[in-house]
Amino acid sequence: MTDHPAAGPRPHLPPAAEFLYWPPQSQAYGYRIVDRLFHSRTVPAGGAGSAMPYGPELDLRYVSGGIERGIDAFMDHNVVAGLLVLKAGRIVLERYGLGLRDHDRWSTMSTVKSITAMLVGACIRDGVIECLDDPVERYLPAIGGSGYEGVTLRHLLTMSSGLAWSEAYADPASDVNRYSRCLAEGTPDGVITLLRGLRRTCPPGTRWAYNTGDTYLLGRVLVAALGGPLADYLSQTIWKPAGMEFDAFYTLDMPGGNEIGGSRAGMALRDFGRVGQVVLDDGVIGGRRVLPEGWVDEALSPVFLFGPRDQDFGSIRSSRLKGYGYSWWIGEDGSAQAHGFAGQRIFLDRAERLAIVTLSAFPQLPHVPAPVPDRHGELRLFTDAVRDALRG
């Protein structure tokens, strides 16, 4: 008789290697426990954190597809786990769904790309990085001799490296899915090996093309320049000074490895809002400037304008996005937006002193019902209703 270990309770976790393919019943749970599925490193908060003031609660209605909905119906219809609205530094709406609680850390997905861009600015202010036109191989010699040779930090920030990269989430053979499997396996320098194999399709800086690999390299550059964990730098530069309430985390590319600058970090809803508030405050926290003078204006200005060939990527058409800045999406209305897979978004309207955070679990292929709902379009309608209600 074969010996078996003693039985006992243990959790059944969603498979990390299928992160981009989870069925809806796994998403709401899995997005809350990403640090249990991938190697991770804590971003420490500073004690109890600072309380955010509350204002009068927002109430609104909006119409989508001829149907009038309120806030609860918006959350139900769009699979929203967290919803936060900040107006002039005060919370006017805070809602939780899908079992999310205020202290749970939800996956940032690609919204962390915009935070990585903020840290590039902080490193320039601190003299850790000289300028955006530094070549990547100055910090990462291992990328020399590949298609990334001659690519600069500015090119990585603006997704214009010129390397061929497929960001097709529904294609198991795409580059983004190969990257995702590398992270799940934790193979030492597996992502670097993947990136070294990419071919160049156009000169760097000449064309925008969304590439999560670019931001992974940007995170590696920051780790190399700092000579220590990016999690510690985020904690010292933004997390503790801004009074974040909860520890965040970065996921790592291998055990004890490098922080992933482009995806899968985790933070609590109100702390997402505080990140947005730092940008609305022009990179000043408690009277101390953490981002260079003029950095926010520069970062939130479109470096590339979207053309007809770009319109079918992601939410560009539905969200009415105009262009791309320093890892921030720029709306036709002048807003700045951080977007992430499956419905994560930080929306900023600097003129209105407004931040809207939505954390969602949009069903993904092959689990999407037909016809595919235009959730980004509905989110835009909801955002317009928020603005109208606050102006009123």
- Side chains of K113 and T108: is there a donor and an acceptor less than 3.5 Å apart?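 Absent: no donor and acceptor within the cut-off.
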- Task: Consider only side-chain N and O atoms of S318 and D374, and report whether a donor and an acceptor are under 3.5 Å apart.
- Result: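 The answer is yes; a qualifying pair exists.
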- Query: In terms of the angle between their ring planes, are W329 and Y210 parallel, tilted or perpendicular, with boundaries placed at 30° and 60°?
  - Reply: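 W329 vs Y210 ring planes: parallel.
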- Name the one of I115, D104, V43 that satisfies side chain to side chain contact (heavy atoms under 4.5 Å, CB included) with M267?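 It is I115, the one option of I115, D104, V43 that forms the side chain to side chain contact (heavy atoms under 4.5 Å, CB included) with M267.
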Answer with yes or no after comparing the ring centroid distance for [X] and [Y] against a 6.0 Å cut-off, counting only values under it.
| X | Y | value |
| --- | --- | --- |
| F38 | F19 | yes |
| W328 | W295 | no |
| W106 | Y96 | no |

- Connected-component partners of I71 among ILVMFWY, side-chain separation under 4.5 Å: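 Members other than I71 - counting any ILVMFWY side chain reachable under 4.5 Å - are L58, L60, Y62, F74, M75, V80, L83, V85, V92, L93, F347, L354, I356, L379, L381, F382, V386, L390.
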- Message: Listing request: all side chain to side chain donor-acceptor pair (under 3.5 Å) pairs with a residue in residues 357-373, at least two apart in sequence or in separate chains.
- Response: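 Residue pairs with at least one partner in residues 357-373: there are none.
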- Test log, rule side-chain contact (heavy atoms from CB on, under 4.5 Å), inputs L252 and E259: CA-CA 5 Å; L252 307 177; E259 289 87 350; 3.9 Å; yes
- Message: Could you go through W22 and Y29, starting from their C-alpha distance and side-chain angles, then the distance that decides it, and tell me whether this counts as ring pair (Phe, Tyr, Trp, His ring centres under 6.0 Å)?
- Response: CA-CA 10 Å; W22 284 343; Y29 173 50; 8.7 Å; no
Nearest 0.5 Å, please: how far is [atom2] in [Y] from [atom1] in [X]?
| X | Y | atom1 | atom2 | result |
| --- | --- | --- | --- | --- |
| F341 | Q344 | CZ | CD | 9.0 Å |
| S315 | R320 | OG | CZ | 13.0 Å |
| F246 | R270 | CZ | CZ | 5.0 Å |
| W165 | L194 | CH2 | CG | 5.0 Å |
| R154 | D134 | CZ | CG | 10.0 Å |

- Closest heavy-atom pair and its distance - A361, Q27: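 Result for this residue pair: O-OE1, 3.5 Å.
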- Do T158 and Y326 have side-chain heavy atoms sitting under 4.5 Å apart?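 In short, these two side chains touch, coming nearer than 4.5 Å.
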